[in-house]
Amino acid sequence: MQHYLLEPRAGEPFALFLQESAEPAPGPGEVAVRIRATSLNYRDLLVRAGKSASGGSEPVVPLSDGAGEIVALGEGVTDWRSGDRVALTFFRDWLSGPFQMSYHAAARGGSYDGVLSEVVIAPAHSLVAVPATMSFTEAATLPCAALTAWHALMERGRPLAAGETVLCLGTGGVSTFALQIAKAAGAQVILTSSSHEKLARARELGADETIHYLETPEWDREVMRITEKRGVDRVVEVGGPGTIERSLNSVAAGGVVSLIGVLTGFDPPKANLFTLVKKNAELQGIYVGHREMFVRMNAFLEQHAIRPVIDRSFPFAEAASAYAHLEGASHFGKVVLEV
Ligand SMILES: NC(=O)c1ccc[n+]([C@@H]2O[C@H](COP(=O)([O-])OP(=O)(O)OC[C@H]3O[C@@H](n4cnc5c(N)ncnc54)[C@H](OP(=O)(O)O)[C@@H]3O)[C@@H](O)[C@H]2O)c1
């Protein structure tokens with residue numbers, strides 16, 4: 001079979017190359033999954049650049065997100081059958097309950113082998129059934145971006161309620177899932193983008209209000225104008241140091257800012273955190289989610305007939321082009337590799 005490897009190189013981006021190897025067999029408690037599609041996340045660019053919090057220093061099979069079918073069962077596996085359609089979890093061992101720092105040791109495509117491979121061996125506990133309504137290509141977009149948005153909006157603290165307002169930044173994977181989930185939950189969505197064309201697509205997907213964040217650099221003021229000085233109940237904060245201050249300005253009294261991303265880098269934010277005190281608001285760190293959340297999310301996606309937004313799909317042989325496409329940031333939604 002064929003799989004990719006990402007190999008650290010001193011002082012430069014990791015090298016991505018294709019390798020041949022013997023098809024592996026599952027051990028006790030494991031299954032073999034024939035991967036049919038994978039998707040890329042911004043985090044995969046960070047791993048390749050040696051900057052991901054869950055990245056390692058050893059060569060690794062890249063990408064956390066994949067879906068496929070079970071082709072072999074190891075001894076003792078009773079909860080899956082050959083032919084079952086599954087997706088793999090981002091954190092191999094975070095099944096439920098509070099996060100433990102030890103889970104970072106098995107973050108797929110970072111500290112632990114990922115899914116850019118024709119066959120992946122996985123512990124039977126680290127899989128979820130994919131929604132029957134979704135293709136493998138669609139299901140491959142769920143493990144990181146969708147689950148992160150779901151965790152932020154529907155799992156931590158109190159779930160988003162109908163009639164509340166959500167602010168989504170940009171039109172990448174996490175933000176488009178947040179938009180879709182929030183609309184299905186009956187919320188109002190304000191979304192920002194650097195492109196008028198993408199803002200129009202976001203409105204087609206249900207965004208109620210849109211802001212061009214380059215033309216309106218003080219977009220927090222615009223959020224306050226739109227919400228008649230109230231602010232938003234939730235912010236899906238994927239920007240990091242360059243956006244956090246305005247996100248804090250945008251949140252309503254009693255609202256929640258979910259700190260998720262680092263699209264503007266890793267510098268320590270210079271935001272005034274006392275804004276949170278004044279508003280009795282919360283700031284919560286979100287790192288993907290656990291398997292039980294993934295199962296609940298899939299039921300919700302199926303119930304609301306939510307289809308992931310796929311910007312472009314590349315063949316397995318063109319993994320480098322898929323990375324370049326994601327890096328170019330012209331995408332809306334998800335970038336996928338068919339295996
Ligand atoms: N904590 C977690 O568990 C977790 C999970 C997934 C992702 N993340 C992080 O969340 C971020 C988003 O990930 P992703 O995979 O969704 O990324 P992505 O698909 O690559 O999103 C890229 C898009 O982000 C938007 N963007 C870039 N700079 C922005 C800014 N200053 N303000 C507003 N939008 C901006 C742009 O949208 P427009 O083109 O529309 O302007 C860009 O196209 C990344 O930092 C990633 O590392 C964290």
Side-chain angles (χ1 to χ4, degrees), residues 1-9 12-27 30-50 52 54-74 77 80 82-90 92 106-124 126-128 130 134-145 310-327 331 334-339:
M1 67 150 199
Q2 291 191 316
H3 65 88
Y4 279 88
L5 262 191
L6 201 52
E7 193 173 85
R9 296 278 158 88
E12 50 183 286
F14 292 16
L16 178 72
F17 55 90
L18 199 54
Q19 266 201 340
E20 292 271 347
S21 59
E23 194 157 318
E30 294 177 332
V31 301
V33 181
R34 182 163 298 282
I35 299 292
R36 299 281 297 273
T38 65
S39 80
L40 283 90
N41 294 287
Y42 189 80
R43 178 245 193 183
D44 299 308
L45 302 177
L46 297 176
V47 170
R48 191 184 59 171
S52 169
S54 58
S57 52
E58 297 296 317
V60 75
V61 177
L63 307 192
S64 55
D65 292 15
E69 63 220 331
I70 295 181
V71 288
L73 302 173
V77 176
W80 297 108
S82 238
D84 281 350
R85 301 168 75 247
V86 294
L88 291 89
T89 56
F90 180 98
R92 186 192 64 189
R108 286 197 167 94
S111 56
Y112 177 73
D113 277 338
V115 297
L116 193 48
S117 175
E118 288 177 320
V119 177
V120 167
I121 302 296
S126 66
L127 308 171
V128 296
V130 302
M134 282 191 201
S135 64
F136 285 119
T137 309
E138 291 171 322
T141 66
L142 304 177
C144 178
I310 293 170
D311 176 83
R312 191 162 161 195
S313 165
F314 290 82
F316 187 67
E318 293 177 20
S321 304
Y323 273 80
H325 184 62
L326 189 80
E327 199 162 24
H331 62 286
K334 296 296 298 178
V335 178
V336 173
L337 271 165
E338 311 278 350
V339 182

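FYI, the numbering just counts along the sequence from 1.
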*Asks:* What do the steps show when you test Thr141 against Ile310 for side-chain contact (heavy atoms from CB on, under 4.5 Å), and what is the final call?
*Replies:* CA-CA 8 Å; Thr141 66; Ile310 293 170; 4.2 Å; yes
*Asks:* Hey, does the side chain of Trp80 reach the backbone of Ala124 with a donor-acceptor pair shorter than 3.5 angstrom?
*Replies:*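 Judged by distance alone, yes, a pair lies under 3.5 Å.
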*Asks:* For Ala25 and Ile121, work out which heavy atoms get closest and say how close.
*Replies:*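 Looking at all heavy atoms of both residues, the shortest contact is C-CD1, 3.7 Å.
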*Asks:* Using atom types as modelled and distance alone, determine if a side-chain donor or acceptor of Thr89 lies under 3.5 Å from a backbone N or O of Ser126.
*Replies:*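 A pair under 3.5 Å: yes.
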*Asks:* Name all residues meeting the ring-ring contact (aromatic ring centres under 6.0 Å, His included) criterion together with Phe14; count only those two or more places apart in sequence or in a different chain, and write none if there are none.
*Replies:*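 Once residues adjacent in sequence are excluded, Phe14 has no partner under the ring-ring contact (aromatic ring centres under 6.0 Å, His included) criterion.
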*Asks:* For Ala122 and Leu88, work out which heavy atoms get closest and say how close.
*Replies:*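 Looking at all heavy atoms of both residues, the closest pair is CB-CD2, 3.9 Å.
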*Asks:* For Phe316, does its backbone N or O pair with a side-chain atom of Tyr4 as donor and acceptor, under 3.5 Å?
*Replies:*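 Yes.
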*Asks:* Please report the closest heavy-atom contact between Pro62 and Leu6, naming both atoms and the distance.
*Replies:*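 The answer is CB-CD2, 3.9 Å.
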*Asks:* Closest heavy-atom contact between Phe90 and Pro143?
*Replies:*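 Here Phe90 and Pro143 meet closest at CB-O, 4.1 Å.
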*Asks:* Between Val77 and Glu30, what is the shortest heavy-atom contact and its length?
*Replies:*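 Closest heavy-atom pair between Val77 and Glu30: CG2-O, 3.4 Å.
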*Asks:* Regarding Ser117 and Gln2, is there a side-chain donor-to-acceptor distance under 3.5 Å anywhere?
*Replies:*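 No, no side-chain donor-acceptor contact under 3.5 Å.
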*Asks:* Do Pro8 and Glu58 have side chains that approach each other closer than 4.5 Å (heavy atoms only, starting at C-beta)?
*Replies:*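 No - every pair of side-chain heavy atoms lies 4.5 Å or more apart.
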*Asks:* With side-chain contact (heavy atoms from CB on, under 4.5 Å) as the test, would you mind laying out the steps for Thr38 and Val336 before giving the verdict?
*Replies:* CA-CA 6 Å; Thr38 65; Val336 173; 6.0 Å; no
*Asks:* Sequence neighbours excluded, which residues qualify as ring-ring contact (aromatic ring centres under 6.0 Å, His included) partners of Tyr323?
*Replies:*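 ring-ring contact (aromatic ring centres under 6.0 Å, His included) check on Tyr323 returns nothing, list empty.
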*Asks:* Looking at CG of Asn41 and SG of Cys144, how far apart are the two atoms once the value is rounded to the nearest 0.5 Å?
*Replies:*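 If I round to the nearest 0.5 Å, the distance is 4.0 Å.
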*Asks:* Find the distance between CG (Leu40) and CZ (Arg312) and round it off to the nearest 0.5 Å.
*Replies:*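 The CZ atom of Arg312 is 12.0 Å from CG of Leu40, to the nearest 0.5 Å.
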*Asks:* Between Ser135 and Arg36, do the side chains contain an N or O donor and an N or O acceptor separated by less than 3.5 Å?
*Replies:*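 Checked: Ser135/Arg36 side chains show no N/O donor-acceptor pair below 3.5 Å.
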*Asks:* Could I get the full list of side chain to side chain donor-acceptor pair (under 3.5 Å) partners for His325, not counting sequence neighbours?
*Replies:*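 His325: side chain to side chain donor-acceptor pair (under 3.5 Å) contacts with Asp311.
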*Asks:* Are any side-chain N or O atoms of Asp113 and backbone N or O atoms of Val60, one a donor and one an acceptor, separated by less than 3.5 Å?
*Replies:*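 Looks like no, no N/O pair under 3.5 Å.
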*Asks:* Find out whether Arg43 and Ser64 are in side-chain contact, i.e. whether some heavy atom of one side chain is under 4.5 Å from a heavy atom of the other.
*Replies:*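 Sidechains of Ser64 and Arg43: in contact.
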*Asks:* Working note: Arg108 + Leu63, criterion side-chain contact (heavy atoms from CB on, under 4.5 Å); need CA distance, chi angles, decisive distance, verdict.
*Replies:* CA-CA 7 Å; Arg108 286 197 167 94; Leu63 307 192; over 6 Å; no
*Asks:* CG/Leu18 to CG/Leu5 distance, rounded to the nearest 0.5 angstrom?
*Replies:*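 Here the rounded value is 9.5 Å.
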*Asks:* Using 0.5 Å steps for rounding, measure from the CD atom of Glu69 to the CZ atom of Arg34.
*Replies:*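 Between Glu69 CD and Arg34 CZ, I get 7.5 Å after rounding to 0.5 Å.
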*Asks:* Set out, in order, the CA-CA distance, both residues' side-chain angles and the distance that settles side-chain contact (heavy atoms from CB on, under 4.5 Å) for Leu45 and Leu326, then state yes or no.
*Replies:* CA-CA 8 Å; Leu45 302 177; Leu326 189 80; 3.7 Å; yes
*Asks:* My understanding is that only residues two or more places apart in sequence, or in another chain, count here; which of them pass side chain to side chain donor-acceptor pair (under 3.5 Å) with Glu7?
*Replies:*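 Per chain and number, Glu7 pairs via side chain to side chain donor-acceptor pair (under 3.5 Å) with Arg9.
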*Asks:* Sequence neighbours excluded, which residues qualify as side chain to side chain donor-acceptor pair (under 3.5 Å) partners of Ser111?
*Replies:*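 Residues passing side chain to side chain donor-acceptor pair (under 3.5 Å) with Ser111: none at all.
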*Asks:* Less than 4.5 Å apart, any side-chain heavy atom of Pro24 and any of Met1?
*Replies:*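 Yes, side chains in contact.
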*Asks:* Is there a side-chain contact between Leu337 and Leu116, using heavy atoms and a 4.5 Å cut-off?
*Replies:*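 A side-chain contact exists here, since the closest heavy-atom pair is under 4.5 Å.
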*Asks:* Search all heavy atoms of Ala37 against all heavy atoms of Glu338 and return the closest pair with its distance.
*Replies:*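 So the minimum-distance heavy-atom pair works out to CB-OE1, 4.2 Å.
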*Asks:* For salt bridge (Lys or Arg N to Asp or Glu O under 4.0 Å), just list the numbers for Arg48 and Glu12, CA-CA rounded to whole Å, side-chain angles, deciding distance to a tenth of an Å, and then say yes or no.
*Replies:* CA-CA 9 Å; Arg48 191 184 59 171; Glu12 50 183 286; over 6 Å; no
*Asks:* Any side-chain heavy-atom pair from Val33 and Ile35 closer than 4.5 angstrom?
*Replies:*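 Yes, their side chains come closer than 4.5 Å.
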*Asks:* Are Leu142 and Met134 close enough that some pair of their side-chain heavy atoms sits under 4.5 Å apart?
*Replies:*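 Touching, per the 4.5 Å side-chain cut-off.
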*Asks:* Is any side-chain heavy atom of Ser39 closer than 4.5 Å to a side-chain heavy atom of Val335?
*Replies:*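 In short, these two side chains do not touch, never coming nearer than 4.5 Å.
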*Asks:* With sequence neighbours excluded, what pairs up with Phe136 under the ring-ring contact (aromatic ring centres under 6.0 Å, His included) test?
*Replies:*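 Phe136 satisfies ring-ring contact (aromatic ring centres under 6.0 Å, His included) with no other residue.
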